[in-house]
Number of protein chains: 2
Amino acid sequence: MNAPATPAASPVCPRQCEACGLRRTSAFTKVGAEELAFIDGLRSGTHSVPAGGTLIAEHRPNGKLYTLYAGWAFRYKTLSDGRRQILNFLLPGDLIGLQQEFGDTAMHGVDALTDCNFCVFPADGLWTLFHARPRLGYDVTWLAAREEGMVDDNLLTTGRRNATERVAMLLMHLHRRLARLGLTEPDGSVLFPINQQHIADALGLSLVHTNKTMRRLLQLGLHEISGGRLKILNPRALGRIAEYYETLPRPVPLL
Amino acid sequence: MNAPATPAASPVCPRQCEACGLRRTSAFTKVGAEELAFIDGLRSGTHSVPAGGTLIAEHRPNGKLYTLYAGWAFRYKTLSDGRRQILNFLLPGDLIGLQQEFGDTAMHGVDALTDCNFCVFPADGLWTLFHARPRLGYDVTWLAAREEGMVDDNLLTTGRRNATERVAMLLMHLHRRLARLGLTEPDGSVLFPINQQHIADALGLSLVHTNKTMRRLLQLGLHEISGGRLKILNPRALGRIAEYYETLPRPVPLL
DNA sequence: CGTAAACTTGACCCTTTTCAAAGCCCGTGG
DNA sequence: CCACGGGCTTTGAAAAGGGTCAAGTTTACG
């Protein structure tokens with residue numbers, strides 16, 4: 001379907017946006033030379049966070065905006081006694097920090113799952129962007145709406161699906177997103193750098209129950225996880241269980 | 001704190017945005033005359049939906065944008081067997097339909113809880129708006145980020161809080177939002193046009209368990225619901241249970 | 001005053017959580 | 001080369017929170 005140059009090939013953000021590995025990908029909307037130059041000018045630098053590190057600490061809003069260039073990360077919120085809810089997983093191309101920018105109630109942390117590289121945009125960059133490049137402003141809103149859509153889905157999953165359905169949903173969802181980024185191996189497997197605790201926290205389940213549920217699915221031969229990679233063996237069955245609907249792939253804006 | 005003219009006073013959208021009852025309220029950001037005129041020009045009309053009716057049917061995307069002028073509504077998603085998850089409640093001033101506009105995966109229904117009046121903006125209005133009025137584009141993004149923040153909160157609630165905490169959270173959350181809109185009566189009570197089924201669907205609980213949980217809270221004297229009105233009797237206790245953090249009120253953009 | 005919708009309650013069952021303890025994988029250091 | 005330790009996964013058993021079923025009861029309203 002799509003076999004773009006994998007962004008993982010060179011995981012470090014290039015100096016110039018024109019050399020951006022992500023943009024080569026068919027996953028993102030094409031953007032004019034002028035706009036590209038503008039983005040390049042707006043970008044204040046890059047930042048990298050090692051696996052397990054935190055990009056944004058909860059309750060400590062920072063106005064900066066980031067685009068995840070390479071790696072996996074996740075957004076989360078916690079309660080005072082340590083209960084944690086993962087809001088969504090972040091993959092290359094995702095824009096991070098909009099809520100912070102607007103200094104609203106939305107406070108959440110962002111941690112890296114693998115070594116991550118981010119492009120950094122200054123706090124007041126958005127304002128500039130909206131004025132100078134309405135088209136890009138529109139794109140930002142698009143991205144915001146898209147991310148909200150993902151959280152909506154997670155809310156449905158967490159609120160109304162049972163454990164088996166939840167796991168099936170998560171596997172299908174992540175696999176599809178990675179596939180769209182061209183991050184699948186020829187054998188159909190994808191990198192899967194999250195452990196069962198992350199899955200439990202994303203799905204609102206306990207670790208133990210998550211494990212037992214995944215074990216059951218595993219024994220049914222619906223998927224396979226080993227060596228930090230995930231392979232979906234029976235997408236139809238998993239999709240049916242999760243009531244997962246494929247949506248037509250569509251290029252996504254990239255800041 | 002704020003005692004603005006209640007929008008509910010005249011529940012029908014006025015012809016001209018300049019006469020907008022909502023804008024009189026201290027809850028919304030002031031906007032220049034030019035921008036106001038622009039919004040007025042953009043607005044293609046008004047629409048009203050009776051209590052129980054639906055503004056947007058699930059899985060049937062319509063490109064229009066709406067601003068809820070008066071009334072209560074809610075966004076939801078359902079599974080094929082009827083399980084329903086309410087994503088969030090919509091109160092006056094909320095912008096509706098961004099996800100649709102962008103035609104992404106985010107498919108959800110919007111139903112009216114009370115008789116509702118909406119201002120309608122055409123499908124391609126956003127594009128125009130971003131180009132002609134960057135400031136308003138920025139506002140739209142702000143609203144999108146704010147709504148995502150609310151869904152984030154709901155996800156934490158549904159995924160990691162127990163039944164009692166969930167109910168406490170919902171009551172505090174709605175009461176605060178209404179208070180900010182100036183929709184509290186002198187006695188501190190607010191309109192509360194939702195039934196226990198709605199609460200259950202918003203919190204990811206069953207109807208029966210929701211009832212038992214609310215009954216317990218009621219007997220503790222933490223709140224009071226009758227005649228379609230809610231009064232918080234012990235905000236401190238409810239807030240503590242929910243681990244609810246008050247955020248400083250702040251004017252919100254209005255389209 | 002009658003009907004329908006919404007709220008309550010009790011009993012029972014089951015999914016999920018909690019607690020506790022092994023087992024496994026792997027990198028480190030002796 | 002092997003023992004050791006830490007993180008992650010697996011399992012079992014027991015408890016609990018929440019779901020389901022099946023009536024009632026109250027309230028709203030025509």
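In this text the structure is predicted, and so the values were computed from the model without any measurement. In what follows, chains carry the letters A, B, and so on, assigned in the order in which the sequence lines appear, proteins first and then strands, with residues in each chain numbered from 1.
The two residues A:L98 and A:L65 make their nearest non-hydrogen contact at N-CD2, 3.7 Å.
Distance, A:H209 NE2 to D:dA15 P: 19 Å, rounded to whole Å. What separates CG of B:N211 from P of D:dG24 is a distance of 17 Å, to the nearest Å. Per the geometry, CG belonging to A:N162 stands 10 Å off P belonging to D:dT20, to the nearest Å. If you measure from atom CZ of A:R161 to atom C1' of D:dG19, you get 19 Å, rounded to the nearest angstrom. To the nearest angstrom, C1' of D:dC8 lies 13 Å from CD1 of A:I225.
Comparing B:V208 and B:T213 by the nucleotide of DNA chain D whose heavy atom lies nearest to each, the residue mapping closer to the 5' end is B:T213.
Taking B:R240 as the reference, B:A237 meet the side chain to side chain contact (heavy atoms under 4.5 Å, CB included) condition, with sequence neighbours excluded.
Reading DNA chain C from its 5' end, the first and the last nucleotide to sit under 4.0 Å from a heavy atom of chain A are C:dT16 to C:dC19.
Under 4.0 angstrom from either OP1 or OP2 of D:dT11 there lies at least one side-chain N or O belonging to A:R215.
No side-chain donor from either of A:D201 and A:H198 sits under 3.5 Å from a side-chain acceptor of the other.
Checked by distance alone, B:K212 brings no side-chain donor or acceptor within 3.5 Å of a matching partner on the base of D:dG17.
A 4.5 Å side-chain heavy-atom check between A:H175 and A:K231 finds every atom pair outside the cut-off. A 4.5 Å side-chain heavy-atom check between B:V49 and B:L55 finds at least one atom pair inside the cut-off.
Taking the six-membered ring wherever Trp is involved, the centroid distance between the rings of A:H108 and A:Y76 does not fall below 6.0 Å.
Residues from residues 194-205 of chain A placing a heavy atom under 4.0 Å of any atom in DNA chain C, listed by number, are A:G204, A:L205.
The structure places CD1 of A:I96 at 5.0 Å from CZ of A:F118, a figure rounded to the nearest 0.5 Å.
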For a ring pair (Phe, Tyr, Trp, His ring centres under 6.0 Å) check, start with the C-alpha distance between B:H173 and B:Y244, then their side-chain angles and the critical distance, and finish with the verdict.
CA-CA 8 Å; B:H173 171 76; B:Y244 175 83; 7.3 Å; no
Is there a side-chain contact (heavy atoms from CB on, under 4.5 Å) between B:I225 and B:F192 once you walk through the steps?
CA-CA 8 Å; B:I225 296 181; B:F192 202 68; 3.7 Å; yes
